[in-house]
Amino acid sequence: MWRNLKRLAVAILALSVLVAPALAQEEIFIPMLVYRTGPYAPNGIPAANGFRDYLRLLNARDGGINGVKITWEECETQYNTKLGVECYEKLKNKGPKGAALVNPYSTGITYQLIPRAPIDKVPIHSMGYGQTAAADGRVFAWAFNFPTTYWSQASAFIKYVGEQEGGMDKLKGKRIALVYHNSPYGKEPIPTLTVLAEQYGYDLQLLAVDHPGQEQKATWLQIRRYRPHWVFMWGWGVMNQVAIKEAAAIRYPMDRFIGVWWSGSESDVVPAGKDAIGYKAGNFHGVGTDFDVHRDILKYVYNGNLAEAKANNFGEVLYNRGLVNAMYDTEAIRTAMRKYGNRAVGGEEVRWGFENLHLTEDYLKQIGFGGFVRPIKITCEDHEGNGPVFIQQWTGETWKQVSDWITPMREVVRPMIEKAALEYAKENNITPRNCAAEQ
Amino acid sequence: MEVLNSLLVGPLRDIVSAPVFFAEVVVGGLMAGVMYSMVALGFVLIFKASEVFNFAQGAMVLFAALTLVGFMERGVPVGLALLAAAAVMVALAVAIERVMLRPLVNQPPLTLLMATIGLTFFLEGFGQLLWGSNVKELDVGIPDRTFDVGGMLLNQFDLVAAAVAAVMVALLAVLAQKTTLGRALRAVADDHEAAMAVGVPLKTIWVTVWSAAGIVALVAGIMWGAKSGVQFSLSLIALKALPVLILGGPHLDSGRHRRRSHHRRGGKNRRSLLGAAGRGGHRELVRLRAGDGLSAI
């Protein structure tokens, strides 16, 4: 009896030693840098849930990407740059081929990881955040910030305001205030708005709000005195809710108050109550749950249990953003598989996948994202894709799209990106790639 | 010359040219200070009893507000939820005294400070574990409309906050100055060992003080939570309340007493009960010994 048990144990051990690596070879590992705790948790939780649910959907519905299972591990960053870098270091070598890619989910963490990416061979996708100059793939070969950047969004805001005022020529003499989080993230739109102020003749006032942004009375008193025609906000976390309350307190018209896409989620407006009605924000993906991908998630991930799905922020703005982020990443992996075969792919191969990503309208429909995001094409030179944005407005119960898709001012933004990228290349002794030669 | 002009002449010119705006800035600054003073009061209470800076005051504000909203989300009426949250804060004070403070009697203030840092991490984690990390709306019925007074916009919420803060300061000042408990607080703050030697029930004092600090945290949590939603960031306002604490001083008592206390604290750590009493430095201790009815505390 004892001998039989020993034989069985040896057999199981031998089998696991032989089979486990074979199985692991067929798995793609994606590290998830999340912030489910800390001051920015209300924003971090829905985004992480959306990202995770899309991976769960692919595994449950399709058996992974082209049949290759996806594994992931969450690491808590608390939106803290140091913790984020630690998480990256901890997870970058996990999985049979290491991390396929990384989403830093913080501009500060992105800045720290950009120099490490070419060394570790892990591509970075900072979707709609991070270093804007990374849109120039000739200098930032390992960083991608599609579908659009802060600079593009700032230019789209100006286009929207011009349209609302009756034409771009009507911007002359207008006053625009930017209320921004006093951090690298918050300062991102300043160069674009400054250049456009010179071009269109509007006056720009910059008002910084220190972290975390709970006290803004002085800021809004300045706004009351300045009497701007429009207020833009590059806020994050509690800063957004307080800003909306303070704007209401000085009776600033909410429909002239526009937040960046990180200032336009449910957690930004719900705590402000009725004061938030009419407030606007940018966005680059659909709102709500009326898309095929949501129907699939409800069916395959939650077994039709809508209450459970809602408890996981199903359909909220930042949940949808997590979904979109996961879709872009997994489609980059799928693109890489077209070249390297249906197997677990490593960071270097996924980088190629990112750089050759092309999502057409028809293909987006096939994968359940029809009407949810715009088609996009990434190239060696262009890691942004110049994706358009739209303006959404809070009705008191839900976000509603109130503008058409706005194409950013590429003619203004792209030269700025190239200039900033070349400066970065010079500072860091990087020789820009010759994309024509690589093709 | 240009710097001097911008520093000295510019502001004066602005005040003269826009007096209403200047008044609004002053009033706005005062209202903001009032909001922070509610958090600073909690620091003062703990400091009174132990001469220790309670690093966990912000976490207590967060925990109290999360608990209140947690009860309200489960359908408990506002009044009952307030009582329940207050009861939780008292229970927390008892637990803190039993688990954290009691083993640290007579330890240097730095040790107690480190313990409160540990308490911060515990409360932040426990609060989020218990009630979740999502931002929560808090509406306890405080009016929040703005109205015009001579061109200045005033907010009803700010005025209510100012009134609440004034009442709290008055109550705590009376507690510190006019009651036996207040004298006992000062005695404990002067010297734990000496206070115990004359019959001051240190454990009861600490529980009472931490309970009061918990209630103050609850009030601060309500006011801040109603303004910006109940979320983790509430624990960070404590650090911004520090300038208020430094400007106002960590004492609730009069300047005369403060000067006296400051003088006494010069050799506090080296002082024995007999030595202190012999020098007449522990006036509170002597008065308490004379039969102030401390056993009733």
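In what follows, chains carry the letters A, B, and so on, assigned in the order in which the sequence lines appear, proteins first and then strands, with residues in each chain numbered from 1. Note that the structure is predicted; figures quoted are calculated from it, not measured. Hydrogens, waters and symmetry mates are skipped; everything else that's a heavy atom, side chains included, is used.
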Which value, rounded to the nearest 0.5 Å, describes the distance between A:Glu316 atom CD and B:Asn134 atom CG?
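The CG atom of B:Asn134 is 7.5 Å from CD of A:Glu316, to the nearest 0.5 Å.
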Which portion of [X] sits near chain A, non-hydrogen atoms under 4.5 angstrom:
X	answer
B:Leu138	neither
B:Asp158	side chain
B:Ala18	side chain
B:Asn155	side chain

Before accepting this row, confirm whether a basic side-chain N of the pair A:Arg225/B:Glu24 lies closer than 4.0 Å to the acidic partner's carboxylate O.
no
So, are B:Arg145 and A:Asp275 salt-bridged, with charged N and O less than 4.0 Å apart?
yes
Side chains of A:Gln214 and B:Leu234, heavy atoms from C-beta outward: is any pair under 4.5 Å?
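Answer yes - side chains close enough.
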Close side-chain approach of A:Glu246 and B:Lys227, heavy atoms under 4.5 Å
yes
Evaluate A:Lys245 against B:Asp144 for side chain to side chain contact (heavy atoms under 4.5 Å, CB included), listing each step before the verdict.
CA-CA 10 Å; A:Lys245 293 279 259 187; B:Asp144 192 18; 3.2 Å; yes
Assess the side chains of B:Ser133 and A:Arg36: does a donor N or O sit below 3.5 Å from an acceptor N or O?
no
Is B:Gln231 reaching over with its side chain to a backbone N or O of A:Pro42, donor-acceptor style, under 3.5 angstrom?
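Checked: no pair found.
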Could you tell me which portion of A:Ala218 (side chain, backbone, both or neither) has an atom closer than 4.5 angstrom to a non-hydrogen atom of chain B?
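A:Ala218 has no heavy atom closer than 4.5 Å to chain B.
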Give, as side chain, backbone, both or neither, the part of A:Ile45 having an atom under 4.5 angstrom from any heavy atom of chain B.
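Side chain only.
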Looking at every heavy atom in both [X] and [Y], which two are closest together, and how far apart are they?
X	Y	result
B:Leu236	A:His211	CD1-NE2, 3.9 Å
A:Arg251	B:Thr146	NH2-O, 2.9 Å
B:Ser228	A:Val238	CB-CG2, 3.8 Å

Among B:Trp224, B:Tyr36, B:Phe232, which residue has the highest count of heavy-atom pairs closer than 4.5 Å to chain A?
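Greatest number of close heavy-atom pairs with chain A: B:Phe232.
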Which one of B:Leu153, B:Val230, B:Leu154 has the most heavy-atom pairs closer than 4.5 Å to chain A?
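The candidate making the most pairs under 4.5 Å is B:Leu153.
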How about OH on A:Tyr226, more than 12 heavy atoms from neighbouring residues, nucleotides or ligands closer than 6.0 Å, or not?
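Atom OH in A:Tyr226 is packed in, count exceeds 12.
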For atom CE of B:Met114, decide whether the heavy atoms of other residues, nucleotides or ligands shown that lie under 6.0 angstrom number more than 12.
no
Among A:Arg224, A:Glu266, A:Met239, A:Lys217, which residue forms the greatest number of heavy-atom pairs with chain B at distances under 4.5 Å?
A:Arg224
